[in-house]
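Worksheet: one structure, shown below.
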Amino acid sequence: PLVPLPEILSWPALVQSHAHAQVFWFAAMVVLGISYHVMPRFMGVALRNVAAAWASYGLLLGGVILRCLYQPFAQQTPAAVTAILGSAMEVGAVIAFLAVVRSTVQEYKRNLPPGRQGQPFVHMQYLILGSVAFLAATILSLAGAGVMLIDRTNLQPPEINAAWINLSVVGFIGMFIFGVGQRTMPHFLGLEHTRPAAGKAALAALTFGLVLQISSLMTPGSKFQIASSASLQFIGFLLFFLAVPLLGRIPVHRPAAPPLFALFVRTAFAWGLLGTAGYTAASIAEAVGAGVQRPLVDAYRHAWTLGWITTLIVGVGYRLLPIFFGKEIRRPRAITAIYAALTAAVAVRVGADIASLWIPSAYLWTSMSGVLALLAVLLFAVEVWQLTSKEEIAQSLPADSEITGSSNVAAVLDAHPELLPVFVRYGFGALQNPVARKTVARFVSIAQAARKHGVDATAMIAELNS
């Protein structure tokens with residue numbers, strides 16, 4: 001280590017706590033929050049079992065804090081027991097999350113017309129499997145905490161830690177990214193062609209890869225099994241690119257997201273593909289006895305967590321949060337600065353890890369990567385705070401008021417239900433669903449909705465006021 005630590009602490013334990021916080025505190029919180037918002041909208045129903053949703057938030061937050069704070073001191077029994085308690089709370093959070101999913105799906109099925117079976121959307125299958133992987137990851141983390149108590153150590157066993165990272169990053173977060181991505185990315189990026197068959201094939205490859213990863217824990221030393229798991233996950237990643245051609249030409253005549261959003265998405269998936277390729281290469285090298293040095297492992301893991309997941313979270317947040325909260329980004333230039341700082345942070349981290357194989361002093365540059373990443377996250381946090389801060393949102397519109405671009409869609413329809421056909425003519429057919437009028441319409445202004453659908457807002461507002 002470059003910095004001496006008290007005897008009771010160790011860098012490996014701090015690294016594991018850091019990874020735990022990054023995956024379960026940052027990424028998992030974002031995934032659950034977005035899931036609670038988009039999942040019911042995918043099914044056209046309201047979110048059910050809201051109390052369990054709040055419970056999942058409290059349990060996950062409290063569990064992550066206890067686990068991360070007390071693992072470095074887990075040689076001492078009280079700290080180890082507290083870390084176990086934190087991991088058990090994380091398991092409880094996932095169970096609460098699954099209860100919300102189950103209640104919402106049941107509501108969707110109840111609203112189906114008699115005799116009609118729900119369409120088996122492939123993206124929902126991704127979300128279901130991602131939820132199962134999330135539960136498996138938390139149970140594995142709980143098992144690792146138990147091993148720490150028994151062995152009086154502050155480190156999860158390497159095989160448990162490696163499987164936990166893979167289940168969390170690819171199994172849980174990755175499945176949610178792939179599932180939501182197949183539903184939303186074509187629309188947000190204006191893509192004309194997607195391939196559902198490739199999406200199903202990607203799901204199968206990723207699922208079998210994760211099953212092999214979990215089963216490898218029951219057969220210690222099965223390096224070929226882990227290499228096969230990694231290879232299947234890499235194939236699944238490539239198949240996703242066939243399903244959603246993110247690197248293809250974005251047609252200019254289709255309504256699409258701002259160019260910076262496309263840049264976030266493409267950069268994130270490029271890092272994800274690079275990280276998965278590195279994981280696959282490392283696993284194959286281990287299987288054939290070549291051995292893999294630690295800096296290479298750090299490189300592909302940071303390509304995953306910082307390059308793929310964090311970049312995508314920031315990019316998707318930049319695109320979706322203004323829609324969710326009916327507000328505009330106050331400082332668009334800050335998003336450009338965030339992208340530049342985050343991309344530089346990943347490049348410096350991955351590059352320094354690899355360069356340190358030949359030039360050990362290059363590892364010092366990883367500290368610069370941390371500074372850049374922290375700067376990007378802090379800037380993004382400021383934007384999120386401003387977007388989510390409470391402001392008085394118009395819930396009604398006086399009958400004699402003029403409709404403007406900033407008027408809330410739901411408020412307009414509440415005051416003037418006779419204007420629904422005008423919205424439908426301009427491409428807002430979803431508003432014919434009462435659930436959509438009660439949910440998503442309450443978070444979107446007319447101007448935002450018009451931009452999203454590529455509609456001439458001036459013409460539509462003039463017709464609404466006529």
Side-chain angles (χ1 to χ4, degrees), residues 1-3 5 11 14-31 33-34 61 64-65 68-69 165 168-169 173 177 257-272 274-275 295 298-322 324-325 327-356 361-389:
L2 300 177
V3 179
L5 293 172
W11 277 109
L14 293 176
V15 168
Q16 287 190 358
S17 291
H18 154 75
H20 202 94
Q22 190 172 18
V23 172
F24 276 0
W25 197 339
F26 173 56
M29 281 287 188
V30 172
V31 169
I34 291 179
L61 179 61
V64 170
I65 290 174
C68 293
L69 287 182
I165 290 174
S168 300
V169 173
I173 300 170
I177 287 173
L260 189 57
F261 171 69
L263 192 59
F264 266 108
V265 170
R266 289 175 165 178
T267 302
F269 275 97
W271 283 119
L274 179 64
D298 288 344
Y300 76 69
R301 286 180 177 175
H302 281 88
W304 267 347
T305 55
L306 191 58
W308 180 30
I309 294 173
T310 306
T311 301
L312 196 61
I313 285 174
V314 173
V316 169
Y318 154 63
R319 179 71 178 99
L320 292 185
L321 290 178
F324 287 177
F325 293 95
K327 300 179 185 179
E328 300 287 348
I329 293 284
R330 294 186 181 180
R331 291 183 294 272
R333 291 184 179 179
I335 305 300
T336 304
I338 291 169
Y339 172 80
L342 194 53
T343 303
V346 186
V348 169
R349 176 68 206 221
V350 174
D353 280 330
I354 295 174
S356 67
S361 61
Y363 189 79
L364 293 171
W365 283 93
T366 60
S367 60
M368 179 58 68
S369 167
V371 171
L372 290 169
L374 181 61
L375 173 64
V377 171
L378 287 176
L379 288 173
F380 180 61
V382 170
E383 296 300 321
V384 170
W385 184 269
Q386 292 180 344
L387 281 171
T388 57
S389 60

Report task. Measure up the H302 and H18 rings against each other and bin them: parallel (under 30°), tilted (30 to 60°), perpendicular (over 60°). Result ->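 Geometry flag for H18 against H302: parallel rings.
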
Would a 4.5 Å heavy-atom cut-off, applied to side chains only, mark [X] and [Y] as touching?
| X | Y | result |
| --- | --- | --- |
| V64 | M29 | no |
| W304 | L274 | no |
| Y363 | P295 | no |
| V346 | W308 | no |
| T310 | Q22 | yes |

Indicate the atoms forming the closest heavy-atom contact of [X] with [Y], along with that distance.
| X | Y | result |
| --- | --- | --- |
| F264 | I335 | CE1-CG2, 3.6 Å |
| F380 | G317 | CZ-CA, 4.2 Å |
| T267 | L263 | OG1-O, 2.7 Å |
| A345 | A373 | CB-N, 3.6 Å |
| A362 | A355 | CB-CB, 3.8 Å |
| A352 | W365 | CB-CB, 3.9 Å |

How long is the gap from [atom1] on [X] to [atom2] on [Y], to the nearest 0.5 Å?
| X | Y | atom1 | atom2 | result |
| --- | --- | --- | --- | --- |
| L375 | L342 | CG | CG | 10.0 Å |
| I313 | I309 | CD1 | CD1 | 6.5 Å |
| F26 | T305 | CZ | OG1 | 10.0 Å |
| C68 | L14 | SG | CG | 11.0 Å |
| Y318 | F261 | OH | CZ | 9.0 Å |
| L372 | T343 | CG | OG1 | 10.5 Å |

Test your reading of the model: is there a side-chain donor-acceptor pair from T366 to the backbone of R349, 3.5 Å cut-off? no

### Test side-chain contact (heavy atoms from CB on, under 4.5 Å) applied to F269 and I177, step by step
CA-CA 10 Å; F269 275 97; I177 287 173; 3.6 Å; yes

| task | For S369 and L306, run side-chain contact (heavy atoms from CB on, under 4.5 Å): C-alpha distance rounded to whole Å, both residues' side-chain angles, the deciding distance at 0.1 Å, then the answer. | result | CA-CA 10 Å; S369 167; L306 191 58; 4.2 Å; yes

Stepwise side-chain contact (heavy atoms from CB on, under 4.5 Å) check, V350 with Y300 | CA-CA 7 Å; V350 174; Y300 76 69; over 6 Å; no

